[in-house]
Amino acid sequence: MERVGERGPCPPAGPAPDGSGDGGRAARTVRSLAGRVQRSGPGLLRVCVGSVFLWFGALKFFPAASPAEQVAVEAATKVTFGLLPPDLVLRLLAASETAIGLGLVTGVLLRVALVGFFAHMAGVFSALLLLRGEMWQGGAPVPTLEGQYVIKNVVLVAACLVVAADEWGRAAPP
């Protein structure tokens, strides 16, 4: 049995007083920064993903400047059943990636850019199935460098899911 004034085996319940030394001030600062990041996170993700798309799309306008050029053209050519010549496929990829990037960076026609982004990502991930020899090492589920380049796009998809949720969660303009 505990005596009055003696401490039990457990620390007292409840949070420490907010103004207790630097811990309280630091905690308030961290919470304040977290709130700011939370509010600006979707916009930051939108601009970052847009910048990557704009940059990589622009590279495709210059022959052999993009390390993903060959894989992108091969996959897109298979998706279009070879109906489009490879040089046209490359120009279309460059234009679409650049347009998506501009839409994401500026926020102009954002919903159109997001639909384009997700459609483009479906095409990108199709390379994992259509170009098995280039994407995977033998029969094992071990991606090649090109396969890793495609798989890392799950991060961009996750970022744009947050952006899309933020955008479509807003009330429609009057």
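Within the structure, every pair that satisfies the side-chain hydrogen bond (donor to acceptor under 3.5 Å, both in side chains) test and touches residues 138-151, not counting sequence neighbours, is listed here: Thr144-Glu146. Residue pairs meeting the side-chain hydrogen bond (donor to acceptor under 3.5 Å, both in side chains) criterion with at least one member in residues 96-110, sequence neighbours excluded, are Lys60-Glu97, Glu97-His120. Judged as a ring pair (Phe, Tyr, Trp, His ring centres under 6.0 Å), the pairs with a partner in residues 88-119 (not counting sequence neighbours) are, in order, Phe53-Phe117. Judged as a side-chain hydrogen bond (donor to acceptor under 3.5 Å, both in side chains), the pairs with a partner in residues 61-72 (not counting sequence neighbours) are, in order, Gln70-Glu74.
Cluster annotation: Ile100 is connected to Leu156 through the hydrophobic network of ILVMFWY side chains, with a link wherever side-chain heavy atoms come within less than 4.5 Å. The same ILVMFWY cluster, assembled from side-chain heavy atoms under 4.5 Å apart, contains both Val115 and Val124. Tracing side-chain contacts under 4.5 Å through hydrophobic residues (I, L, V, M, F, W, Y), one never reaches Val108 starting from Leu104; they form parts of separate clusters. Val154 and Leu161 fall within the same hydrophobic cluster, where Ile, Leu, Val, Met, Phe, Trp and Tyr residues are linked whenever their side-chain heavy atoms come under 4.5 Å apart, directly or through other members. No path of Ile, Leu, Val, Met, Phe, Trp and Tyr side chains, each step under 4.5 Å between heavy atoms, connects Val157 with Val112, placing them in separate hydrophobic clusters.
Applying the side chain to side chain contact (heavy atoms under 4.5 Å, CB included) criterion to Pro85, with sequence neighbours excluded, gives Asp87, Leu88. Every side chain to side chain contact (heavy atoms under 4.5 Å, CB included) that Ala65 has, sequence neighbours left out, goes to Leu59, Phe62. Take Ala159 and apply the side chain to side chain contact (heavy atoms under 4.5 Å, CB included) test, not counting sequence neighbours, and it matches Leu45, Val49.
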When the side chains of residues 126-141 are checked against the rest of the protein, which donor-acceptor pairs come out under 3.5 Å, sequence neighbours left out?
from, atom 1, to, atom 2, distance (Å)
Ser126, OG, Gly123, O, 2.5
Trp136, NE1, Leu128, O, 3.0
Gln137, NE2, Pro143, O, 3.4

Tell me which donor-acceptor pairs under 3.5 Å the side chains of residues 35-43 have, and how far apart each pair is, sequence neighbours excluded?
from, atom 1, to, atom 2, distance (Å)
Arg39, NH1, Gly35, O, 3.2
Ser40, OG, Arg36, O, 2.9

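Connectivity analysis of hydrophobic side chains (ILVMFWY, heavy atoms under 4.5 Å, direct or indirect) links Leu102 to Leu54. Using a 4.5 Å cut-off between side-chain heavy atoms of Ile, Leu, Val, Met, Phe, Trp and Tyr, Val30 forms no hydrophobic cluster with any other residue. Counting Ile, Leu, Val, Met, Phe, Trp and Tyr side chains that sit under 4.5 Å apart, directly or through other members, Val105 stands alone, with no cluster partners.
Residues Val73 and Pro86 approach most closely at CG1-CB, 3.7 Å, considering heavy atoms. Of all heavy-atom pairs between Ala76 and Val89, the closest is CB-CG1, 3.3 Å. For the pair Phe125 and Val150, the tightest heavy-atom approach, listed with the atom from each and the gap, is CE2-O, 3.6 Å.
Taken to the nearest 0.5 Å, the CZ atom of Arg31 stands 9.0 Å off from the OG1 atom of Thr29. Residue Leu110 holds its CG atom at 4.5 Å from CG of Leu114, rounded to the nearest 0.5 Å.
Side-chain N or O atoms of Ser32 include none that pairs as donor or acceptor with a backbone N or O of Arg28 at under 3.5 Å.
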